[in-house]
S.K.: 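This is the structure I want to talk about, given as structure tokens.
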Amino acid sequence: MFTVRTPRVVAARRLHRRRDRDETGRFLAEGPQAVREAVRAGVVAELFATAEAVRRYPELTGDASLVDDGAMQALADTMQPQGLVAVCRQRDVPLATVLASRPRLVAVCVDIRDPGNAGTVLRTADAAGATAVVFAGDAVDPYNGKAVRSSAGSLFHVDVVRARDAAATIAALRAAGVQTLAADGYGDTDLFDLDAELARPTAWLFGSEAHGLPKDLRADRRVRVPLYGGAESLNLAAAAAVCLYTSAKALRSV
């Protein structure tokens, strides 16, 4: 049985740090739901499980390395781990590959910093039928433990693109015939006035939690979600859900 000092456990623990994730191209997925989706996606490089997890999830743990509770606590990123942690291969896809598939709906997260929001956007984009989620500019690592958990398995369903240059990303989307719509609480276009336009291939741009999208980022339109009550604004995850589902409805009506 592996312990916290076992070299393979030590190596896996390092993946809690972004530097080590970037260097190895690996990340950790924790819990039965994430592990199940990682197995289905064919990206599991190694699986660690406690004896209790082997008993509870025999369909997932046939090839698992058995670890004690101390090792699992060190591998996990939660206070009460569920006994399963997988080392997974990162799923980055080049933007050119995504565009070659002629996507109809894409989410672009520009400079977002909160991993919980990153995971929630992944989950929402997946549910709305988006092809890919692009993390552009100075964005959080989508393979951060909290982002992986918040995606609820959706990280393994959509293409993940990481692009440092947000402006170049937008230019490439436009060149491929994908309109770019910036979600902006002060935008001059009302989301619900865009029914016909939303039937076209669309990339939604979402900005950071604190500052929104950079003002010099040139989208085809800046679109606001109308507020009918007294709320000052919607948070990033809520705005993304409204925008992506409004597009999904329009795309399925044609």
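Along the sequence shown, residues are numbered consecutively beginning with 1.
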S.K.: Is there a continuous path of hydrophobic side-chain contacts, each under 4.5 Å between heavy atoms, that joins F206 to V134?
M.R.: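 Per the 4.5 Å side-chain linkage, F206 and V134 are not co-clustered.
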
S.K.: How many angstroms lie between CZ in R113 and CG in N144, if you round to the nearest 0.5 Å?
M.R.: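 With rounding to 0.5 Å, CZ (R113) is 10.0 Å from CG (N144).
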
S.K.: Just to verify, what does R222 make a side chain to side chain donor-acceptor pair (under 3.5 Å) with, not counting sequence neighbours?
M.R.: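 Listed in chain order: D184.
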
S.K.: Strictly by ring-ring contact (aromatic ring centres under 6.0 Å, His included), give each pair with a member in residues 31-50 just once, sequence neighbours left out.
M.R.: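 Passing the test, one end in residues 31-50: no pairs.
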
S.K.: Do you know which two heavy atoms are closest between A139 and C109, and how far apart they sit?
M.R.: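 Closest heavy-atom pair between A139 and C109: CB-O, 4.1 Å.
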
S.K.: Output a table of donor-acceptor pairs, distance under 3.5 Å, between side-chain atoms of residues 228-243 and any protein atom two or more places apart or on a different chain; print 'none' if there are none.
M.R.:
residue : atom : partner : partner atom : Å
N235    : OD1  : A237    : N            : 3.4
N235    : OD1  : A238    : N            : 2.8

S.K.: Among residues two or more places apart or on two chains, list those pairs meeting ring-ring contact (aromatic ring centres under 6.0 Å, His included) that have a residue in residues 110-146.
M.R.: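 Non-adjacent pairs meeting ring-ring contact (aromatic ring centres under 6.0 Å, His included): F27-Y143.
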
S.K.: Quick check: closest heavy atoms across M72 and P81, and the distance to 0.1 Å?
M.R.: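 Closest heavy-atom pair between M72 and P81: CG-CB, 4.1 Å.
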
S.K.: Given side chains that start at C-beta, do those of R56 and Q82 come closer than 4.5 Å, heavy atoms only?
M.R.: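 No. Closest side-chain heavy atoms not under 4.5 Å.
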
S.K.: If I compare all heavy atoms of I112 with all of G207, which pair ends up nearest, and what's the gap?
M.R.: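 The answer is CG2-O, 3.4 Å.
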
S.K.: Specify the closest pair of heavy atoms between D193 and E197, including all atoms of both residues, with the distance to one decimal.
M.R.: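 Scanning both residues completely, I find the closest heavy atoms to be O-OE1, 4.1 Å.
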
S.K.: Is the side chain of E52 donor-acceptor paired with the backbone N or O of G83 at a distance under 3.5 Å, no angle test?
M.R.: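 Looks like no, no N/O pair under 3.5 Å.
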
S.K.: Please, which pairs that meet salt bridge (Lys or Arg N to Asp or Glu O under 4.0 Å) have at least one residue in residues 61-82, sequence neighbours excluded?
M.R.: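 Of all non-adjacent pairs touching residues 61-82, those that pass salt bridge (Lys or Arg N to Asp or Glu O under 4.0 Å) are D77-R149.
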
S.K.: Are V178 and V133 grouped together when hydrophobic residues (ILVMFWY) are joined by side-chain heavy atoms under 4.5 angstrom apart?
M.R.: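 They do not share one cluster, since no chain of ILVMFWY contacts under 4.5 Å joins V178 to V133.
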
S.K.: Hey, could you give me the CG/CG distance between L173 and L95, rounded to the nearest 0.5 Å?
M.R.: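 The CG atom of L173 sits 5.5 Å away from the CG atom of L95.
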
S.K.: If you draw a 6.0 Å radius around CZ in R18, do more than 12 non-hydrogen atoms from other residues or ligands fall strictly inside?
M.R.: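 Count over threshold, so yes.
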
S.K.: Report whether I170 and V110 are members of the same hydrophobic cluster (ILVMFWY, side-chain heavy atoms less than 4.5 Å apart, transitive linking).
M.R.: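 Yes, I170 and V110 fall within the same hydrophobic cluster.
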
S.K.: May I ask you to decide if D138's main-chain N or O and D111's side chain share a donor-acceptor pair within less than 3.5 Å?
M.R.: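 Yes; at least one donor-acceptor contact below 3.5 Å.
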
S.K.: Which distance, rounded to the nearest 0.5 Å, do you find between the CZ of R21 and the CG of L28?
M.R.: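 So the gap between those two atoms works out to 8.0 Å.
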
S.K.: Just to verify, what does P94 make a side-chain contact (heavy atoms from CB on, under 4.5 Å) with, not counting sequence neighbours?
M.R.: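 So P94 forms a side-chain contact (heavy atoms from CB on, under 4.5 Å) with T97.
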
S.K.: Who else is in L66's hydrophobic cluster (ILVMFWY, side-chain heavy atoms under 4.5 Å, direct or via others)?
M.R.: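 Besides L66, the hydrophobic cluster comprises M1, V54, listed by chain and residue number.
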
S.K.: Check P201 against G177 and note the closest heavy-atom contact, atom names and distance.
M.R.: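 In this case the closest contact between P201 and G177 is CB-O, 4.1 Å.
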
S.K.: Ignoring hydrogens and angles, tell me if any N or O in the side chain of T6 forms a donor-acceptor pair with the backbone of R8 under 3.5 Å.
M.R.: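 Absent.
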
S.K.: Under 3.5 Å, side chain of H16 to main-chain N/O of G145, donor-acceptor pair present?
M.R.: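 Not a single qualifying donor-acceptor pair exists.
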
S.K.: Is the shortest side-chain heavy-atom distance between T50 and V67 below 4.5 Å?
M.R.: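 T50 vs V67: side chains touch.
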
S.K.: Heavy-atom distance under 4.5 Å between the side chains of V4 and R13, does that happen here?
M.R.: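 A side-chain contact under 4.5 Å exists here.
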
S.K.: Return the set of residues passing side chain to side chain donor-acceptor pair (under 3.5 Å) with R14 (not counting sequence neighbours), or none when no residue passes.
M.R.: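 Side chain to side chain donor-acceptor pair (under 3.5 Å) list for R14, sorted by chain: empty.
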
S.K.: Which residues end up grouped with V44 if you chain together Ile, Leu, Val, Met, Phe, Trp and Tyr wherever their side-chain heavy atoms are less than 4.5 Å apart?
M.R.: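 Grouped by the 4.5 Å side-chain rule, V35, V39, L47, Y57, L60, L84 form the rest of the cluster around V44.
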
S.K.: From Q73 CD over to Q80 CD, what is the distance, rounded to the nearest 0.5 angstrom?
M.R.: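 CD of Q80 is found 9.0 Å from CD of Q73.
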
S.K.: What pairs with S247 under side chain to side chain donor-acceptor pair (under 3.5 Å), at least two apart in sequence or on another chain?
M.R.: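 With neighbours one apart ignored, the set is W204.
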
S.K.: What is the distance from atom NE2 of H211 to atom CG of L213, rounded to the nearest 0.5 Å?
M.R.: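 Between atom NE2 of H211 and atom CG of L213 there are 12.5 Å.
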
S.K.: Quick one: side chains of residues 153-162, donor-acceptor pairs under 3.5 Å with protein atoms, not counting sequence neighbours, listed by atom name and distance.
M.R.:
residue : atom : partner : partner atom : Å
S154    : OG   : D126    : OD2          : 2.6
S154    : OG   : S151    : O            : 3.4
H157    : ND1  : D126    : OD2          : 2.7
H157    : NE2  : E37     : OE1          : 2.8
R162    : NE   : D92     : OD2          : 3.0
R162    : NH1  : D141    : OD1          : 3.2
R162    : NH2  : Q90     : OE1          : 2.8
R162    : NH2  : D92     : OD2          : 3.1

S.K.: Check side chain to side chain donor-acceptor pair (under 3.5 Å) between D220 and all other residues, then give those that pass, not counting sequence neighbours.
M.R.: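 R174, T180.
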
S.K.: Find out whether V9 and L75 are in side-chain contact, i.e. whether some heavy atom of one side chain is under 4.5 Å from a heavy atom of the other.
M.R.: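 In short, these two side chains touch, coming nearer than 4.5 Å.
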
S.K.: Any link between L227 and L181 through a network of hydrophobic side chains (Ile, Leu, Val, Met, Phe, Trp, Tyr) touching at under 4.5 Å?
M.R.: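 Yes; L181 is reachable from L227 via cluster members.
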
S.K.: Can you confirm whether R123 is buried at CZ, in the sense that more than 12 heavy atoms of other residues, nucleotides or ligands lie under 6.0 Å from that atom?
M.R.: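 Incorrect, the count does not exceed 12.
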
S.K.: If Ile, Leu, Val, Met, Phe, Trp and Tyr residues are connected whenever their side-chain heavy atoms lie under 4.5 Å apart, and connections chain through other members, are L244 and V223 in the same group?
M.R.: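 As far as the 4.5 Å side-chain criterion goes, V223 and L244 are connected within one cluster.
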
S.K.: Can you tell me how far CZ of R221 sits from CG of L205, rounded to the nearest 0.5 angstrom?
M.R.: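 L205 atom CG to R221 atom CZ measures 13.5 Å (nearest 0.5 Å).
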
S.K.: Do you know which two heavy atoms are closest between R224 and G185, and how far apart they sit?
M.R.: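 Answer, listing the atom of R224 first, then G185: CB-O, 3.8 Å.
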
S.K.: Between L191 and L198, is any pair of side-chain heavy atoms under 4.5 Å apart?
M.R.: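 Sidechains of L198 and L191: in contact.
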
